[in-house]
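What follows is a set of notes on a single structure, which appears directly below.
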Amino acid sequence: MSRPRLETCVGAIRMKNPVMVASGTFGYGPEYDGVVDMGRLGAIVVKGISLEPWEGNPPPRLVEVTGGLVNAIGLQNPGVDGFVREYMPFLRQKGVPVIVNIWGRSVEEYAEVAARFDGVAGVAGLELNISCPNIKEGGIAFGTDPGAAARVISAARKATKLTLIPKLSPNVPDIALFAKIAEDAGADAVSLINSIPAMVIDIETRRPALANTTGGLTGPAVHPVAVRLVWQAAKAVKIPVIGMGGISGAREAIEFMLAGASAVAVGTANFTDPSVTAAVIDGIEEYLVRKGVGDVRDIIGAVRA
Amino acid sequence: MSRPRLETCVGAIRMKNPVMVASGTFGYGPEYDGVVDMGRLGAIVVKGISLEPWEGNPPPRLVEVTGGLVNAIGLQNPGVDGFVREYMPFLRQKGVPVIVNIWGRSVEEYAEVAARFDGVAGVAGLELNISCPNIKEGGIAFGTDPGAAARVISAARKATKLTLIPKLSPNVPDIALFAKIAEDAGADAVSLINSIPAMVIDIETRRPALANTTGGLTGPAVHPVAVRLVWQAAKAVKIPVIGMGGISGAREAIEFMLAGASAVAVGTANFTDPSVTAAVIDGIEEYLVRKGVGDVRDIIGAVRA
Amino acid sequence: MNNMRLENAKVIEHKQFRNDYRLLVLECPGVGLAAKPGQFVHLRIPGQEPFILRRPFSIFKADDRTITLLYKKIGRGTTAMESIRDGDLISLLGPLGNGFPLDRKGIFPVVVGGGYGVAAMYLLAKQFPQPGAVFIGGRKADDILCVGDFEAMKWQVHLSTEDGSAGSKGLVTELLESWFAGDGAGRNVEIFACGPDGMLKAVTRQAEKRGLKAWISLDTHMGCGVGVCLACVCKTRDEKGNEQWGRVCKEGPVFECRRIVWSDDVPTKA
Amino acid sequence: MNNMRLENAKVIEHKQFRNDYRLLVLECPGVGLAAKPGQFVHLRIPGQEPFILRRPFSIFKADDRTITLLYKKIGRGTTAMESIRDGDLISLLGPLGNGFPLDRKGIFPVVVGGGYGVAAMYLLAKQFPQPGAVFIGGRKADDILCVGDFEAMKWQVHLSTEDGSAGSKGLVTELLESWFAGDGAGRNVEIFACGPDGMLKAVTRQAEKRGLKAWISLDTHMGCGVGVCLACVCKTRDEKGNEQWGRVCKEGPVFECRRIVWSDDVPTKA
Ligand SMILES: Cc1cc2nc3c(=O)[nH]c(=O)nc-3n(C[C@H](O)[C@H](O)[C@H](O)COP(=O)(O)OP(=O)(O)OC[C@H]3O[C@@H](n4cnc5c(N)ncnc54)[C@H](O)[C@@H]3O)c2cc1C
Ligand SMILES: Cc1cc2nc3c(=O)[nH]c(=O)nc-3n(C[C@H](O)[C@H](O)[C@H](O)COP(=O)(O)OP(=O)(O)OC[C@H]3O[C@@H](n4cnc5c(N)ncnc54)[C@H](O)[C@@H]3O)c2cc1C
Ligand SMILES: Cc1cc2nc3c(=O)[nH]c(=O)nc-3n(C[C@H](O)[C@H](O)[C@H](O)COP(=O)(O)O)c2cc1C
Ligand SMILES: Cc1cc2nc3c(=O)[nH]c(=O)nc-3n(C[C@H](O)[C@H](O)[C@H](O)COP(=O)(O)O)c2cc1C
Ligand code: FES
Ligand code: FES
């Protein structure tokens, strides 16, 4: 058999394979240069960017738990201008679609950030982070309120022609509702899941392990929850779904695709093993060969449920 | 220092220590007899009971995942009469408070089950399961809709004088709201968390690993999420909170208590190690001694957040 | 009160038996003494940490000091078991399950074992006053286990493999079928079987056809192993024909074959 | 392009160094060759599975074939490391971080190491053309490491322990203080320090008081180790006094002490 086709599309973004890196776990690109062959990735999603530079939360910002970690970075970032100036030159030369994760503290801010990226060369799409649990304003407040979600997505849609991908919060009883809201508001795709709100207490000091008190759980522990959410979201909408949460090998990525994801993102596992994305891509290809499937798109949503 | 006091109260239920077993993970009592010294437990919570016997879901009903398991038992049970006849005689002689986990397919059924237990000797309290993800009617549908939750808790409250403990769903954006609804509807306490809706796909067969397609995630993987929810719920209400989700040793139990739980329940870990409850009780006592705390109630909600 | 115990058993010996099969000898006087043929232990695999479930294994051999398990490497847990070393402590819950019915007087016992299913049959065979016939099947010669154990007890031993690399070529239930037509004709047979579902279903069909009793030991994935989680259920019918779930860990693992409501999904090649 | 690599390093030797301290020698030519004093590696601990983060360790010694780590057992990960055996393969990411500034000509180097912090200092000391003075501190005699290594390089060695079981009794920074008043007076000193935060803060105060440069290597919990997760940050100030977060894994672990905005939470006993 000839090698299976791995190409996939998310909105107007053509990816050479369905495997991208998740926002906040791959910085802005250069950090893993020399260790990760970025040219092999389907896309790069950079850490969340806001209008102005943002400080984030005080440390400790991260704590390890069984099967994952809980983080409360708080979206520290250099702002639109800082990012474009410092990192876009590097990213452009990699020849890989760049998706910028963006956030704001108000509907207007989201729209403005989206507008600011519209003309920027080398930016292929925007992931609209309406699901970060670690900031007081913005983030998850938009992702768990149907009205607010609709408003912020519509506003961003009007502000940009780039492929627009709202990133949904796992913290809702009915994810299908939010996926449909995104679709109706003109999103090109949705991505999920962001981290699940969580808390760790140091019983010796009686203090929360994180300075922000709560944080978000990511890593292998969340994978079965993420697969369920991706399955429910994918059933509800026609636009592509990007699945993430707990991928540490090809198996978890394939589960997402069978559940209905058109592409997947690898997050926390980059910290454990920076070569994980290559292993996931190779593993998906091996799976397709073993199963006699010629095109990766044929497994999207192919779960027999 | 003399031995610390471990006694705690939940509604009218006096427990010799804060450690109980979680519904569905300890059967109806006799199964672990001879291996677990039931007399040491703070309370026993039995598997969910409905008005009539209930078949549950077809197998496979359970699958192991990183840091936990996903189950879709589907609340199989012998019904009120079967339970009272077959198991209450055994449970009564153990001298430990028995809390019966109950559920129904409608508000009326919940109320009727509650009423039926009202006179039953040996039953100390009812845990109202409005959060099971594994049945089509009832369960989580009541636990994620504020109006339905209020109605079903009020109806059960009118039907019984027993200590009433609604068991809340983790699958909501605002747990404080549901805790307050329970308090306002006359609940004596709330317990949380039930399992988190999840899905596992067998990539070889392309089928869901569970016959029910989705199930609920429990075990160590959910602990940081559960601690966050217990903390938010405990801040919102004055009634006691029972914390559970991923306890596998004293550390996790103490985290729940620091977060605001008056008592805790051990679930999945019983399968890994049937002697875990004794270890949790001993571990809490050791912790109190080490910290010079004379009364376990002094650590309830003592996190410095 | 159950007679099960929770014991920290010391590993006396752990060695390869053949290919993917290994023998694990554990010091656990409590479990060993209480064990009945067809019962199992629920074993916590050391160093398996992100995974939390125990694994069930039949008690292959037992005496007042030890039990022996015979297991096959088939997945995550049994692969992790390879790193068990002599002297390690392993948490064991058992003996569990009902086991085979004993004191079946006047019958000619026919034992059918497929793959590691044979491990459940040695203790059973040993307690019969007279030797019977044993049918041991597997995919290939490597999967034919314990022939010597049964020969030592003077049992008639019949072997079959799917690839013909040992004994007759074909399924063990086909071999059994032809035995009934020859040597086995006219005997007051009761069947005792353990192996894959397909084999057990075929045994059930033969037993029904010939009006024989057959005691079959089921293999399902388990949670608790003691009857509380309701994960291991299979569909059973009682004497009146009413269907209900049977817990393989508690009402089983051994059922008279007519109690089992076989799903159409279970393939029988025979 | 970074010069870091991801290597599967073979364990050449793993042995106890003293009490809770162990030495781990790894074959990793790529990392070894590239390593600069003060850099670290991010190591994936084998058999730690439910836990997923790597752990950072200073490169204690390095040559064109191997690196050596000197580590202390203090928690879950370093305890799990005890089971590392010769011949095991360990995934290593490194060398990481900025390392100490080199080519500091004409200075008299003063090295201050607390506990395992000394491990970060050996390669640094080795590259100075002339020996300097080293101050090694710890809670008790067992925590005083690498005295022989520095003596072999002809460095002046000063020891202190909090309990007085080796060297002078007290904090290493107190010892340093009195050295400045005596032997150390009038020298063109630069300080290089690694140890607990309290010690580094005290060193900072001394350096400020005397108008000396002090290069301190910070110890924080890390996620990625390469600068992407922003977990390891500490508050820094630039030349103009503007505060921002510095990534210990990337802008650090070594900072000139004036760059660090010490929190009031860090206790200094000296
Ligand atoms: C009463 C009893 C006695 C037994 N006695 C023996 C014995 O003596 N010797 C012996 O070798 N074995 C025996 N077994 C079988 C043994 O328990 C299994 O081989 C073992 O549990 C496999 O564990 P694993 O982690 O290696 O495999 P796993 O990785 O758990 O799985 C092996 C296979 O099962 C599938 N699987 C996993 N989870 C599920 C699920 N929830 N539902 C359906 N399929 C699933 C996997 O996909 C895989 O194909 C016995 C089983 C029972 C119930
Ligand atoms: C650049 C660098 C170089 C180092 N070099 C060396 C070296 O050469 N030798 C050496 O022995 N060590 C060195 N360390 C320290 C070493 O990395 C730690 O000792 C190790 O990571 C501890 O891992 P552990 O799993 O054993 O401990 P853990 O169990 O992770 O924790 C140990 C302690 O830290 C606390 N802790 C855990 N998580 C957090 C958190 N998120 N925030 C705050 N506190 C937390 C725990 O409560 C516990 O008290 C270095 C560290 C850095 C940053
Ligand atoms: C340290 C860290 C930082 C993150 N930062 C962001 C962020 O800036 N924006 C965002 O949308 N998601 C962020 N995430 C969430 C991830 O993109 C991803 O949704 C989540 O980690 C689940 O995937 P995983 O389990 O593979 O890590 C972050 C996650 C981690 C662990
Ligand atoms: C096999 C199984 C069956 C369960 N059955 C019930 C049930 O009948 N009613 C209920 O309210 N919760 C049920 N639960 C949920 C537990 O009571 C508990 O809320 C959950 O498992 C979280 O705790 P843990 O992580 O310690 O297991 C069940 C959980 C498991 C694993
Ligand atoms: S395995 Fe739990 S009931 Fe059988
Ligand atoms: S550890 Fe990730 S940025 Fe430093």
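In what follows, every chain begins at residue 1, and chains take the letters A, B, ... in the order their sequences are listed.
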Worksheet item: Using a cut-off of under 4.5 Å for heavy-atom pairs, which of B/Ala305, B/Pro170, B/Gly67 has the most such pairs with chain A?
Response: B/Ala305
Response to the item:
One should read off an interatomic distance between A/Arg206 CZ and B/Arg304 CZ, to the nearest 0.5 angstrom, of 7.5 Å
Worksheet item: Are any side-chain N or O atoms of B/Arg251 and backbone N or O atoms of A/Asp202, one a donor and one an acceptor, separated by less than 3.5 Å?
Response: no
Worksheet entry | Side chain, backbone, both or neither of B/Val70 within contact of chain A (heavy atoms, under 4.5 Å) | side chain
Practice prompt. Would you check if B/Val303 and A/Pro208 make a side-chain contact, meaning some heavy-atom pair closer than 4.5 Å?
Written response: yes
Worksheet item: Given a strict heavy-atom distance threshold of 4.5 Å, which part of B/Ile203 is in contact with chain A: side chain, backbone, both, or neither?
Response: both
Worksheet, complete the sentence: Counting heavy-atom pairs under 4.5 Å with chain A, the top scorer among B/Thr144, B/Thr213, B/Leu258, B/Thr66 is B/Leu258
Worksheet item: To the nearest 0.5 Å, what is the distance between OG1 (A/Thr214) and CD (B/Gln232)?
Response: 7.0 Å
Item to complete: Find the one option among B/Ala221, B/Ala226, B/Gly219 whose heavy-atom pairs under 4.5 Å with chain A are most numerous.
Response: B/Ala221
Fill in: Side chain / backbone / both / neither for A/Glu252 at chain B, heavy atoms under 4.5 Å
neither
Worksheet item: Less than 4.5 Å apart, any side-chain heavy atom of A/Glu204 and any of B/Arg290?
Response: yes
Fill in: Contacting moiety of B/Phe256, where chain A heavy atoms sit under 4.5 Å
neither
Worksheet item: Are side-chain heavy atoms of A/Leu229 and B/Met199 found at a separation under 4.5 Å?
Response: no
Worksheet, complete the sentence: For A/Val200 and B/Pro224 the tightest heavy-atom approach is CG2-CB, 4.3 Å
Discussion item. Any side-chain to backbone donor/acceptor pair from A/Arg228 onto B/Pro197? Under 3.5 Å, distance only.
Written reply: yes
Worksheet item: Minimum heavy-atom separation for B/Ile196 to A/Val225, with atom names?
Response: CG2-CG2, 3.7 Å
Response to the item:
Counting heavy-atom pairs under 4.5 angstrom with chain B, the leader among A/Pro173, A/Gly143, A/Ser169, A/Ala302 is A/Pro173
Item to complete: Sort out for me which of A/Asn171, A/Val230, A/Thr205 touches chain B most, counting heavy-atom pairs under 4.5 Å.
Response: A/Asn171
Discussion item. Which heavy atom of B/Glu255 sits nearest to which heavy atom of A/Ile201, and what is that distance?
Written reply: OE1-N, 2.9 Å
